[in-house]
Amino acid sequence: MNTLEETNIMVNLERIVEKQIEQALKGNFNAVEKLAQETNAELDKLFSSTLSQVPDFETKKQNLLKMYRKLDLMLSAEKQIVKEQVKTVDNVRKTLSAYSNKA
């Protein structure tokens, strides 16, 4: 793989992660998951190459890591919100069940 191909992979990875962040902000987590498959394919290509030839690889790598941390934080926050909502629904269900048993 040549330097241009490796650079293109890095650019594609950045583009995909940006899309994932955008979709996560919209709450479209199915799209985030589908984009993760694209990310995995690009990473497979990248890991099969020699990264040392990519100009500014370290800078691009750090940028990707920052973007992934942002995405990870967004997904973690959403996961916590969903957990809290499930807990609330369970409590309401228990309350309704208790009232229906009394009636």
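A quick note: this is a predicted structure, and the numbers were derived from the prediction, not measured. This chain uses plain numbering: 1 for the first residue, then up along the sequence.
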| Honestly curious: do Tyr68 and Leu25 fall in one hydrophobic cluster under the side-chain, below-4.5 Å linking rule? | yes

| Taking the side chain as C-beta and beyond, is there a heavy-atom pair between Thr59 and Asn63 under 4.5 Å? | no

| query | How far apart are the C-alpha atoms of Met74 and Glu78, what are their side-chain angles, what is the distance that settles it, and do they pass the side chain to side chain contact (heavy atoms under 4.5 Å, CB included) test? | reply | CA-CA 6 Å; Met74 292 170 66; Glu78 186 64 27; over 6 Å; no

| task | Measure the CG-CD distance between Leu71 and Gln23 for me, rounded to the nearest 0.5 Å. | result | 11.0 Å

| request: Measure the spacing between CD of Glu14 and NZ of Lys60 and express it to the nearest 0.5 Å. | output: 7.0 Å

| said: Is there a path of hydrophobic side-chain contacts, each under 4.5 Å between heavy atoms, that joins Met10 and Leu43? | reply: yes

| query | Roughly how far, to the nearest 0.5 Å, is the CD1 atom of Ile21 from the CE atom of Met67? | reply | 5.0 Å

Donor-acceptor list for residues 31-39 side chains, cut-off 3.5 Å, not counting sequence neighbours:
from: Thr39; atom 1: OG1; to: Leu35; atom 2: O; distance (Å): 3.1

| note | d(Asn12 CG, Glu42 CD) to nearest 0.5 Å is 4.5 Å

| request: Answer yes if Leu64 and Ile16 sit in the same cluster of Ile, Leu, Val, Met, Phe, Trp and Tyr residues linked by side chain heavy atoms under 4.5 Å apart, and no otherwise. | output: no

| said: Checking Val86 against Lys83 for the side chain to side chain contact (heavy atoms under 4.5 Å, CB included) test, could you report, in this order, the C-alpha distance in whole Å, the side-chain angles of both residues, the deciding distance, and whether it holds? | reply: CA-CA 5 Å; Val86 167; Lys83 278 185 180 181; 5.8 Å; no

| field | Pairs involving residues 88-97, ordered by first then second residue, that meet side chain to side chain donor-acceptor pair (under 3.5 Å) (sequence neighbours left out) | value | Asp90-Arg93

| query | Which residues pass the side-chain contact (heavy atoms from CB on, under 4.5 Å) test with Leu73, sequence neighbours left out? | reply | none

| said: Let me confirm one number: the CG-CG distance from Leu65 to Asp72, rounded to the nearest 0.5 Å. | reply: 11.5 Å

